[in-house]
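Take a look at the structure set out below.
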Amino acid sequence: MPWSVPAWRPAKTSTHWTRAALRTINPDVVVTQDLCAVCAVDISEVDQALAHLGCQAQVITLDPMTLDEVLLSIETVGRATGSLERALELVGSLRQRLRQVASLVAGEARPRMAVLEWTDPPFSSGHWVPDMVTAAGAESVLGVSGERSRQVEWGAVTAARPDVVVVAPCGYRLDGATELAEQVIHAGVLPPGLPVWAVDADAAFVRPGHGWSTASKPWPTSHIPVRCAHPSEWPR
């Protein structure tokens, strides 16, 4: 049975992209992303729809690859929407949260952590997730900051000698992540006894939202990677 980390569970949403919707809202600014075609509308569709409607909205495409770029993207949106002061305040609070996390793990051993974004076949983490692993006081294996997630073999996972494996599939919430982690354990593709954690990736890594920066009890979602890396310091 894998260990699981409880997390905030935002309501499920779906994207419905229609020209009629754009015509109705007549936006001044359209914000989209170019990271994942599964998660958002392709930027070319945005351009085509706006051109068809004759809409002159400013289009901001976010494509952050590192944790620092994620924070800077908040400032980008704030600047475009006339909310730069609020954006800077939010970014400042997030950086303060990172400093608080750093103080929690200062002086601790840095376990080798492999974060898997998918399990069949296995995909290593990428983008800003390795930065979050580092911030949590661990060493990211397989995943490289600023690079995209990539498919790997289970042999490569074992060869990376992780001290802990975190199963964090995007969009699967905690229950789905737990199911995939259990499948990995039962398949025997990892060394016996290797700790495996199941994490709600949306809450902890991908779309952390409000819970990531709020010091809510018992602990904010920014501490989830810390709990995986240092479970003896922060019991389940």
Side-chain angles (χ1 to χ4, degrees), residues 1-9 36 66-67 70 98 101-102 104-105 108-209 211-212 219-236:
M1 176 70 180
W3 294 326
S4 59
V5 182
W8 294 68
R9 296 192 180 196
C36 177
T66 66
L67 185 55
V70 170
L98 287 171
V101 171
L104 289 175
V105 299
E108 299 287 343
R110 302 184 69 86
R112 297 169 61 83
M113 180 183 292
V115 179
L116 299 180
E117 296 186 1
W118 192 244
T119 57
D120 188 17
F123 272 77
S124 68
S125 63
H127 299 92
W128 56 83
V129 174
D131 292 334
M132 296 183 70
V133 171
T134 300
E139 178 184 351
S140 176
V141 299
L142 297 177
V144 179
S145 172
E147 295 188 4
R148 297 188 182 278
S149 175
R150 61 189 177 86
Q151 183 178 338
V152 297
E153 301 294 333
W154 284 113
V157 178
T158 299
R161 297 180 293 106
D163 298 306
V164 58
V165 171
V166 176
V167 176
C170 178
Y172 272 61
R173 301 294 193 267
L174 183 59
D175 291 344
T178 300
E179 181 178 349
L180 291 180
E182 289 175 339
Q183 292 174 5
V184 168
I185 293 173
H186 295 325
V189 292
L190 295 174
L194 180 64
V196 178
W197 289 81
V199 169
D200 182 341
D202 288 2
F205 293 113
V206 184
R207 292 186 245 177
W212 197 81
W219 33 272
T221 53
S222 57
H223 287 196
I224 289 178
V226 181
R227 302 282 295 245
C228 297
H230 305 282
S232 62
E233 299 298 324
W234 292 274
R236 288 178 283 159

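Every heavy atom of this structure was used, including side-chain atoms; hydrogens, water molecules and symmetry mates were not.
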Can you name the closest pair of heavy atoms from [X] and [Y] and give their distance?
X	Y	value
Cys170	Val206	SG-CG1, 4.0 Å
Val101	Ala135	CG1-O, 3.4 Å
Pro169	Ala201	O-CB, 3.6 Å
Gly137	Pro111	O-CD, 3.5 Å

Can a donor-acceptor pair be found between the side chains of Asp131 and Thr66 at a distance below 3.5 Å? no

Distance-only, no hydrogens or angles: does the [X] side chain make a donor-acceptor pair with backbone N or O of [Y] under 3.5 Å?
X	Y	value
Asp202	Gly171	yes
Arg112	Ala160	yes
Arg110	Ala136	no

Measure the [atom1]-[atom2] distance between [X] and [Y] for me, rounded to the nearest 0.5 Å.
X	Y	atom1	atom2	result
Glu147	Ser125	CD	OG	11.0 Å
Met113	Trp197	CE	CH2	9.0 Å
Leu67	Met132	CG	CE	6.5 Å
Asp200	Asp175	CG	CG	9.0 Å

Taking atom OH as the centre, does Tyr172 end up with more than 12 heavy-atom neighbours from other residues, nucleotides or ligands that are less than 6.0 angstrom away?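 No, the 6.0 Å shell around OH holds no more than 12 heavy atoms from other groups.
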
Return yes when atom CD of Glu153 has more than 12 non-hydrogen atoms of other residues, nucleotides or ligands closer than 6.0 Å, and no otherwise.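 No, not enclosed.
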
May I ask you to test the [X]-[Y] pair for a side-chain heavy-atom distance under 4.5 Å?
X	Y	answer
Val152	Phe123	no
Val164	Pro195	yes
Val189	Val184	yes
Leu190	Ile185	no

Taking only distance into account, with no hydrogens and no angle test, what donor-acceptor pairs under 3.5 Å do side-chain atoms of residues 114-122 form with protein atoms, sequence neighbours excluded?
residue	atom	partner	partner atom	Å
Glu117	OE1	Ser149	OG	3.4
Glu117	OE2	Gly126	N	3.2
Trp118	NE1	Asp120	O	3.0

Glu139/Val133 under side-chain contact (heavy atoms from CB on, under 4.5 Å): CA gap, chis, key distance, verdict: CA-CA 7 Å; Glu139 178 184 351; Val133 171; over 6 Å; no

side-chain contact (heavy atoms from CB on, under 4.5 Å) for Val199 and Leu174? Distances and angles first, verdict last. CA-CA 6 Å; Val199 169; Leu174 183 59; 5.7 Å; no

Tell me which pairs pass ring pair (Phe, Tyr, Trp, His ring centres under 6.0 Å) where either residue lies in residues 133-152, with sequence neighbours left out. none

